[in-house]
Every structure is written in structure tokens, then in C-alpha cells.
Amino acid sequence: MAYNAIGAIIAIEKKAQEIIAPATKAQESLADDICAEKEKIYSAKKAEYEQKIADFKKGEEDKAQRLIKKADEGAEEAKKKLDEMYDQNFSKWLDTLFKNVSGQV
């Protein structure tokens with residue numbers, strides 16, 4: 001009788017394992033699916049952030065180039081003004097300098 005009871009318990013255990021096997025497989029599959037979806041979301045967000053960073057970097061580089069161009073234009077304008085002042089006042093400055101050096105102020 002005990003042998004039959006043990007056999008019945010083993011049979012019940014086998015039947016229980018057969019019943020829960022699909023659920024166990026589904027649980028494993030679900031865990032894999034969740035992991036894959038998580039990686040998919042991570043990759044998409046990473047690509048999105050990398051694009052935002054690239055766009056920001058490009059915008060800042062463009063802004064820096066505009067500032068450099070503006071500074072270069074300002075320097076060129078200042079150089080032109082100095083050249084004009086030099087051309088207009090060179091002989092006057094030279095004459096003043098000569099008078100200062102020679103004591104004819």
C-alpha cells in the first residue's frame with residue numbers, strides 16, 4: 001500500500017510538472033522578451049541622445065564660427081582704420097616727433 005501511495009505521489013508530481021511546464025517556459029520567454037525590449041529601448045534612447053548631442057555640438061560649432069568670423073571682420077575694420085590714420089597723420093606725427101626730439105616744442 002505504501003508503495004502505491006509513493007507511486008501515486010510520483011504520478012501526481014509528474015502531472016503537476018507537466019501542467020506547470022508551459023507556464024515555466026512562458027515565464028522564461030517573458031523574461032527574455034523583457035530583456036530584449038529593455039535593450040531595444042536602451043538602444044533607441046542612446047541613439048536619440050547621441051543625435052541630440054551631435055546636433056547641439058554642430059550648433060555650438062556653427063555659433064563659434066560665426067563669432068570668429070565677426071571678430072575677424074572687426075579686426076580687419078580696426079586695421080583699416082589704423083592704416084588710414086597712419087596714412088593721414090604720418091607726416092604730422094613725424095614732424096611732431098622731430099620737434100620733440102630736437103627741442104622745438
Side-chain angles (χ1 to χ4, degrees):
M1 184 93 155
Y3 181 72
N4 287 341
I6 293 174
I9 291 172
I10 291 173
I12 292 170
E13 176 64 23
K14 280 185 177 181
K15 188 67 174 171
Q17 290 297 328
E18 289 173 7
I19 292 171
I20 65 168
T24 302
K25 282 185 180 180
Q27 185 179 14
E28 290 171 0
S29 177
L30 180 62
D32 291 342
D33 291 347
I34 289 171
C35 224
E37 188 65 24
K38 182 178 107 177
E39 284 299 316
K40 183 178 167 184
I41 291 168
Y42 175 79
S43 294
K45 282 297 177 184
K46 183 179 177 188
E48 180 183 332
Y49 294 142
E50 286 173 351
Q51 184 61 50
K52 285 181 180 183
I53 289 168
D55 292 346
F56 178 76
K57 184 178 177 183
K58 175 74 171 122
E60 291 301 307
E61 287 171 351
D62 290 347
K63 190 186 303 182
Q65 288 299 321
R66 286 191 302 272
L67 288 172
I68 290 169
K69 184 178 178 184
K70 188 175 180 178
D72 287 346
E73 290 169 353
E76 186 62 32
E77 186 64 32
K79 183 184 177 305
K80 284 180 185 178
K81 286 181 181 180
L82 286 173
D83 287 345
E84 287 174 11
M85 288 174 61
Y86 177 81
D87 290 342
Q88 291 173 359
N89 297 312
F90 174 73
S91 58
K92 184 172 121 180
W93 292 339
L94 186 61
D95 195 37
T96 302
L97 182 61
F98 178 75
K99 288 178 182 177
N100 284 340
V101 170
S102 65
Q104 298 179 8
V105 178

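Keep in mind that the numbers below use all heavy atoms, side chains included, and drop hydrogens, waters and symmetry copies.
Residue Ile19 holds its CD1 atom at 11.5 Å from OG1 of Thr24, rounded to the nearest 0.5 Å. The CG atom of Asn100 lies 14.5 Å from the CH2 atom of Trp93; values are rounded to the nearest 0.5 Å. Between atom OG1 of residue Thr96 and atom CG of residue Asn89 there is a gap of 9.5 Å, rounded to the nearest 0.5 Å. Between the CG atom of Leu67 and the NZ atom of Lys70 there is a distance of 7.5 Å, given to the nearest 0.5 Å. The distance from the CG atom of Leu82 to the CD atom of Glu77 is 10.5 Å, given to the nearest 0.5 Å. One finds the CD1 atom of Ile53 at 7.0 Å from the CD atom of Glu50 (value rounded to the nearest 0.5 Å).
The salt bridge (charged side-chain N to carboxylate O under 4.0 Å, His left out) with Asp83 is formed by just one residue from the set Lys80, Lys81, Lys79; it is Lys79.
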Evaluation steps, side-chain hydrogen bond (donor to acceptor under 3.5 Å, both in side chains), between Glu84 and Gln88: CA-CA 6 Å; Glu84 287 174 11; Gln88 291 173 359; 5.0 Å; no
Residues Glu48, Lys52; criterion salt bridge (Lys or Arg N to Asp or Glu O under 4.0 Å); working and verdict: CA-CA 6 Å; Glu48 180 183 332; Lys52 285 181 180 183; 3.5 Å; yes
side-chain contact (heavy atoms from CB on, under 4.5 Å) evaluation trace for Glu76 with Glu73: CA-CA 5 Å; Glu76 186 62 32; Glu73 290 169 353; 5.6 Å; no
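Hydrophobic clustering of Ile, Leu, Val, Met, Phe, Trp and Tyr side chains at less than 4.5 Å, counting indirect connections, unites Leu94 with Tyr86.
Of the N and O atoms on the side chains of Glu61 and Gln65, not one donor lies less than 3.5 Å from an acceptor on the other residue.
Counting only heavy atoms from C-beta outward, the side chains of Asp33 and Ser29 approach each other to under 4.5 Å.
Remark: Lys63 engages Glu60 in a salt bridge, criterion side-chain N to carboxylate O under 4.0 Å. Salt-bridge annotation for Asp62 and Arg66: absent, with no side-chain N of the basic residue lying under 4.0 Å from a carboxylate O of the acidic one.
Side-chain N or O atoms of Asp95 include none that pairs as donor or acceptor with a backbone N or O of Ser91 at under 3.5 Å.
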